[in-house]
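Here is the structure we will look at, set down as structure tokens.
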Amino acid sequence: MAEPILQVDNLHLSFVSGGQKTPVVRGLSYTLEKGKVLAVVGESGSGKTVQALSILNLLPPGGHVDGGKIGYNGKNLLTLKPAALRQIRGKKIAMIFQDPSSSLNPVLTIGEQLTETLQAHQKISKSIARQKAAKLLTQVGIADAEKRLDEYPFQFSGGMCQRVMIAMALLLNPDILIADEPTTALDVTVQAQILKLLKTLQQQNGMSVIFITHNLAVAAQIADEVLVLYAGQCMEYAPAKSLFKNPLHPYTQGLLGSLASIHTKPDRLPAIAGNPPLPGEELPGCPFAPRCPHVLEKCRTACPAFVKKEGRYVRCFLQEGK
């Protein structure tokens with residue numbers, strides 16, 4: 001196997017507020033191969049976004065890395081000095097955030113924001129930077145790009161703003177693109193267009209992508225591998241085809257079972273019973289045990305190990321000995 005371009009090993013994250021420490025990610029490990037798409041899925045509060053922010057040292061105030069390693073090209077990103085990390089952030093590893101409208105500066109034109117990114121990392125003139133920005137806007141599907149460089153974010157629709165954010169992330173041809181729920185605020189038609197665009201650009205540029213979503217249907221369209229997070233822990237980590245064909249963990253099965261079907265019209269959409277644990281809530285056993293329809297007695301008192309099974313990894317007592 002080729003050396004992974006990114007390797008997260010036993011990552012622990014927490015937030016400290018008022019002197020109280022709240023763990024939010026517990027022992028997370030995964031690898032990202034060059035040219036592949038890894039989807040990170042799970043309900044809100046599962047740790048999807050915060051683990052991605054830690055890769056670029058963008059944790060919000062109060063966020064702390066308590067342990068682990070994030071390896072990129074032989075370097076541990078968690079121990080790099082700020083100057084060294086700035087050479088990687090945006091240039092080698094770029095990120096698209098959830099809400100494109102709030103991610104763009106409302107008082108600067110689209111052109112100013114794009115050229116600023118280019119000139120911060122490359123010694124080029126403003127005119128050349130503008131040419132590159134216009135070319136990439138055209139590539140992401142924005143018509144009359146040269147003219148629209150002089151417009152402001154409020155003059156763009158939500159879908160167009162997301163295309164601008166994709167262009168901004170791809171300006172420097174990064175090795176890794178982190179896309180944090182980039183289609184959540186978009187309608188279904190535009191969502192499909194953005195997904196198709198991301199997949200096309202990823203294949204053309206040979207990028208590796210971490211695609212964060214709460215929607216397994218979206219993950220199915222774009223991912224090579226899927227990482228299922230729950231309460232800050234990985235429940236299942238598998239090739240996408242294997243996971244969607246035969247999910248092993250009850251939580252993964254519940255997420256897939258919650259998807260609406262075009263073939264049936266139920267009176268009520270299926271859902272996983274109960275609620276996820278609160279951040280930092282200490283549970284003696286498996287964190288999914290209070291909601292699991294197949295819970296065993298030992299699930300309430302002991303947390304299962306994360307073990308390899310049939311070419312994938314799963315954290316569940318039900319899979320032991322099978």
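Just so we're clear, the structure is a prediction, and the values are computed from it rather than from any experiment. When a residue number appears, it is its place in the shown sequence, counting from 1.
- Through ILVMFWY side-chain contacts below 4.5 Å, Val188 is grouped with nothing and stands alone.
- By the 4.5 Å heavy-atom criterion applied to side chains, Lys36 and Ser208 are not counted as neighbours.
- Tested against Pro247 for a side chain to side chain contact (heavy atoms under 4.5 Å, CB included), the candidates Leu255, Val228, Thr252, Val314 yield a single pass: Thr252.
- For Asp150 and Thr109, the side-chain atoms include no donor-acceptor pair closer than 3.5 Å.
- Using a 4.5 Å heavy-atom threshold, the side chains of Lys91 and Pro174 count as separate.
- Here the closest non-hydrogen pair linking Phe211 and Pro182 is CE1-CG, 3.5 Å.
- Contact annotation: the side chain of Leu283 approaches that of Glu281 to within less than 4.5 Å [non-hydrogen atoms, C-beta and beyond].
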Residue pair Cys234, Phe306: steps toward the side chain to side chain contact (heavy atoms under 4.5 Å, CB included) verdict: CA-CA 8 Å; Cys234 184; Phe306 196 48; 3.4 Å; yes

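- Note that CD of Glu151 is 9.5 Å distant from CD1 of Ile142, once rounded to the nearest 0.5 Å.
- Gln202 places a side-chain N or O within donor-acceptor distance of the main-chain N or O of Met207, the cut-off being under 3.5 Å.
- Checked for salt-bridge contact, Asp66 and Lys21 meet the test: a charged N lies under 4.0 Å from a carboxylate O.
- Arg89 places a side-chain heavy atom less than 4.5 Å from the side chain of Leu58.
- Pairing each heavy atom of Leu118 with each of Ala129, the nearest pair is CD1-O, 3.3 Å.
- Between the side chain of Gln51 and the backbone N or O of Lys48, at least one donor-acceptor pair lies under 3.5 Å.
- Side-chain contact between Arg163 and Gln193 is present, with heavy atoms from C-beta onward closer than 4.5 Å.
- A pairwise comparison of heavy atoms in Pro153 and Leu108 identifies CD-O, 3.5 Å as the closest pair.
- Counting all heavy atoms, side chain and backbone alike, Val209 lies closest to Leu32 at O-CD1, 3.7 Å.
- Linking Ile, Leu, Val, Met, Phe, Trp and Tyr whenever their side-chain heavy atoms come within less than 4.5 Å leaves Val226 and Ile176 in two separate clusters.
- Between Lys92 and Gln87 there is no side-chain heavy-atom pair separated by less than 4.5 Å.
- Residues Leu197 and Gln139 share a closest heavy-atom pair of CD1-O, 3.9 Å.
- Under the 4.5 Å side-chain heavy-atom criterion for grouping Ile, Leu, Val, Met, Phe, Trp and Tyr, Tyr237 is not connected to Val37 through any hydrophobic cluster.
- Ring geometry, Tyr251 versus His249: the interplanar angle exceeds 60°, so the pair is classed perpendicular (tilted spans 30 to 60°).
- Checked for salt-bridge contact, Arg312 and Glu236 meet the test: a charged N lies under 4.0 Å from a carboxylate O.
- The OG1 atom of Thr49 sits 10.5 Å away from atom CD1 of Ile178, with the distance rounded to the nearest 0.5 Å.
- Residue Leu11 is grouped with residue Val24 when hydrophobic side chains (ILVMFWY) are merged at heavy-atom distances under 4.5 angstrom, including chains of intermediate members.
- Side-chain contact between Leu78 and Asn57 is absent, with no heavy-atom pair separated by less than 4.5 Å.
- The pair Arg291-Glu43 counts as a salt bridge, with a side-chain nitrogen and a carboxylate oxygen less than 4.0 angstrom apart.
- Side chain of Asn76 to main chain of Ile70: a donor-acceptor pair is present (N/O by atom type, distance under 3.5 Å, no hydrogens or angles).
- Of the inter-residue distances, the one linking Arg315 atom CZ with Leu248 atom CG reads 14.0 Å to the nearest 0.5 angstrom.
- Between His64 and Leu59 the shortest heavy-atom distance is N-CD1, 4.0 Å.
- The closest side-chain heavy-atom distance from Leu318 to Cys316 is below 4.5 Å.
- Hydrophobic clustering places Leu177 together with Leu104 (ILVMFWY residues linked when any side-chain heavy atoms are closer than 4.5 Å, directly or through intermediates).
- Judged by distance alone, with hydrogens and angles left aside, the side-chain atoms of Gln20 form no donor-acceptor pair with the main-chain N or O of Ser17 at under 3.5 Å.
- Between atom CE of residue Met165 and atom CE of residue Met160 there is a gap of 14.5 Å, rounded to the nearest 0.5 Å.
- Residue pairs that meet the ring-ring contact (aromatic ring centres under 6.0 Å, His included) test with at least one member in residues 11-36, sequence neighbours left out, do not exist here.
- The backbone N or O of Gln155 sits less than 3.5 Å from a side-chain atom of Arg148, completing a donor-acceptor pair.
- Of the inter-residue distances, the one linking Arg130 atom CZ with Leu137 atom CG reads 10.0 Å to the nearest 0.5 angstrom.
- Linking Ile, Leu, Val, Met, Phe, Trp and Tyr whenever their side-chain heavy atoms come within less than 4.5 Å puts Ile55 and Met95 in one cluster.
- Between atom CD of residue Gln131 and atom CD of residue Glu146 there is a gap of 8.0 Å, rounded to the nearest 0.5 Å.
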